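The structure appears right after this line, and notes come after that.
On a predicted model such as this, the values are computed, not experimentally measured, just so you know. Note on naming: letters A, B, ... go to the chains in the order of the sequence lines (proteins, then strands), and numbering restarts at 1 for each one.
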Protein chains: 2
Amino acid sequence: MRILVLEDDPMLSDGLTSGLSLHGMSVECVSTCSDAVSIFDAAHYSAAILDLMLPDGSGLDVLSHIRARDNTMPVMILTAIDAVADRIAGLDRGADDYMGKPFDLGELAARLRVMIRRAAGRANPIFTWRDLTIALSHRSVTRAGIVLSLSRREFAVLEALIERPGRVLSRSQLEARLYGWNEEIGSNALEVHVHNLRAKIGRDAIETVRGLGYRIREDRA
Amino acid sequence: MRILVLEDDPMLSDGLTSGLSLHGMSVECVSTCSDAVSIFDAAHYSAAILDLMLPDGSGLDVLSHIRARDNTMPVMILTAIDAVADRIAGLDRGADDYMGKPFDLGELAARLRVMIRRAAGRANPIFTWRDLTIALSHRSVTRAGIVLSLSRREFAVLEALIERPGRVLSRSQLEARLYGWNEEIGSNALEVHVHNLRAKIGRDAIETVRGLGYRIREDRA
DNA sequence: GACGACCTATGCGCATCCTCGTTCTCGAAG
DNA sequence: CTTCGAGAACGAGGATGCGCATAGGTCGTC
């Protein structure tokens with residue numbers, strides 16, 4: 001099990017390295033967000049531990065970077081013991097777990113193992129788009145940290161579109177997916193759903209390609 | 001065939017440029033990893049040749065960057081003749097082939113062609129012309145990195161022309177393709193579309209062959 | 001019965017597209 | 001080189017219909 005640690009406090013990172021090694025994990029440390037980003041792009045790890053307060057940014061940005069690349073690596077964030085807002089923000093951006101400092105090394109190791117085991121068995125892609133995160137398995141969508149409640153049809157539309165970002169889905173394709181094959185639809189129901197969906201997830205997330213259909217706008221931010 | 005070369009030795013990059021040009025490839029050179037990364041994000045190439053030892057990093061990092069973006073572009077890495085470890089690392093990170101320095105230009109060109117041909121069979125067709133990229137599957141067209149919005153007819157014209165670059169399509173051929181068989185057209189609608197299309201993708205992309213029709217100008221840049 | 005999810009219906013705005021008239025360009029003939 | 005005609009480019013106007021927004025109606029659930 002290869003763990004990457006993003007932590008700028010040398011005392012803490014040394015402790016993590018030696019402590020987790022005792023639990024059979026091999027640990028590598030970086031101390032800046034930019035190092036973390038480049039090493040994540042380059043290599044593969046079983047899990048990552050991210051501190052939030054770094055000299056050149058927040059670990060949350062690294063997390064967003066990871067998830068933006070469809071990397072579902074388990075991520076644990078370290079927060080101050082009482083920083084609830086940070087924890088929520090972390091989970092919303094796709095973190096799998098958090099621990100408050102100071103923490104017990106044994107518990108940290110155990111939680112890492114749980115995360116890694118769970119990750120191995122899951123094919124639960126968490127899509128992200130701008131400030132939107134969509135967890136298909138939980139049928140949950142959050143925007144900028146707050147949970148949205150989508151109706152069944154709305155979620156189905158979003159799910160269909162987000163499976164292939166940038167790909168145009170025609171109205172008939174979407175209807176065939178929402179309704180059974182010969183569960184005919186006689187009106188602009190789909191457009192209404194798209195309309196309501198846009199009101200919830202943001203006007204410009206879904207792009208209409210006139211005469212062809214809809215697609216999720218690719219995020220070139 | 002548009003090739004991007006990442007090489008910081010000017011002697012070598014000059015040689016590659018002139019040598020590969022003789023084999024009908026158009027070559028662009030960058031000498032730093034950061035330049036390479038930004039140009040890969042902006043434009044599309046048929047293949048890339050990456051040196052490993054660069055002033056600001058390793059070509060392997062560039063390779064990882066490319067693959068992290070789901071870009072399946074064929075990549076060849078250049079290594080010292082006896083750097084076996086580098087080759088393995090390169091292939092592990094998703095390179096398609098490698099060559100040891102010094103190399104034979106003819107062989108390099110041949111291997112590039114093989115890579116490109118192989119890649120053409122697996123990828124969705126993305127045509128490029130100068131700073132234009134056309135992804136038929138996504139129905140998206142970008143010019144110098146920014147997305148253009150083409151209307152249905154405009155895209156259809158462009159699609160028809162770009163299927164066979166350099167080939168002249170007569171007006172009646174294009175009309176037959178845009179409109180159904182007996183969906184007659186009574187005027188110069190096609191010319192208007194060509195006109196509007198030119199305004200978007202660049203005046204000289206589409207060449208008119210007087211009395212015969214239109215064609216995509218072949219890129220001999 | 002209140003509520004939410006869903007489908008249906010309808011009017012409007014606007015992008016798209018065709019048409020038309022004019023101007024421009026090319027190329028061959030004089 | 002000049003002239004001239006056909007083909008091509010351009011700009012503008014107007015019709016069409018797609019997609020949007022909104023409201024009303026039905027069904028199922030609590």
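Taking atom NE2 of residue A/His193 and atom P of nucleotide D/dG19, one finds them 16 Å apart after rounding to whole Å. A/Asp204 places its CG atom 17 Å from the C1' atom of D/dG19, with the value rounded to the nearest Å. With rounding to whole Å, B/Phe155 atom CZ is found 18 Å from C/dC17 atom C1'. If you measure from atom CG of B/Leu190 to atom C1' of C/dC17, you get 12 Å, rounded to the nearest angstrom. Atom pair B/Leu174:CG and C/dC18:C1' shows a separation of 17 Å (rounding to whole Å applied). In this structure, CG of B/Leu169 is placed 17 Å from C1' of D/dA8, rounded to the nearest angstrom. In this structure, the CZ atom of B/Arg198 is 13 Å from the P atom of C/dT25, given to the nearest Å. One can place CZ of A/Arg152 at 12 Å from C1' of D/dC27, the figure rounded to the nearest angstrom.
Put simply, the side chain of B/Asn188 and the base of C/dC20 share a donor and an acceptor less than 3.5 Å apart. Taking only distance into account, the side chain of B/Asn196 never meets the base of C/dT16 through a donor-acceptor pair shorter than 3.5 Å.
Under the 3.5 Å distance criterion, with hydrogens and angles disregarded, a donor-acceptor pair is assigned to the side chains of A/Asp35 and A/Thr32.
Nearest heavy-atom pair across A/Thr208 and A/Arg198 is CG2-NH2, 2.5 Å.
Taking only side-chain atoms of A/Tyr214, from C-beta outward, the nucleotide of C/dC18, D/dC20, C/dG21 with the closest atom is D/dC20. For A/Thr208, the listed nucleotide lying nearest its side chain is D/dC20; candidates were C/dC6, D/dC20, C/dG21. Of all nucleotides listed (D/dC10, D/dA8, C/dC18), D/dA8 comes nearest to the side chain of B/Arg171. Nearest to the side chain of A/Arg210, among D/dA21, D/dA8, D/dG17, sits D/dG17. Comparing D/dC10, D/dA21, C/dC6 by their closest approach to the side chain of B/Arg203 singles out D/dC10. Considering only the side chain of B/Glu191, D/dA8 comes nearest among C/dA9, D/dG11, D/dA8. Of the candidates D/dA21, C/dC18, C/dC6, C/dC6 carries the atom nearest the A/Ser151 side chain, counting heavy atoms from C-beta on. Distances from the side chain of B/Arg153 to the nucleotides D/dA9, C/dC18, C/dC7 place C/dC18 closest. Taking only side-chain atoms of A/His195, from C-beta outward, the nucleotide of D/dA21, C/dT19, C/dC6 with the closest atom is D/dA21.
Put simply, the side chain of B/Arg139 reaches to within 4.5 Å of the side chain of B/Phe155, judged on heavy atoms. Within the 4.5 Å cutoff, side-chain heavy atoms of B/Leu108 are placed close to those of B/Ile49.
B/Val192 comes within contact range of at least one nucleobase, with a heavy-atom separation under 4.0 Å.
Side chain of B/Asp51 to backbone of B/Ile77: no donor-acceptor contact under 3.5 angstrom is found.
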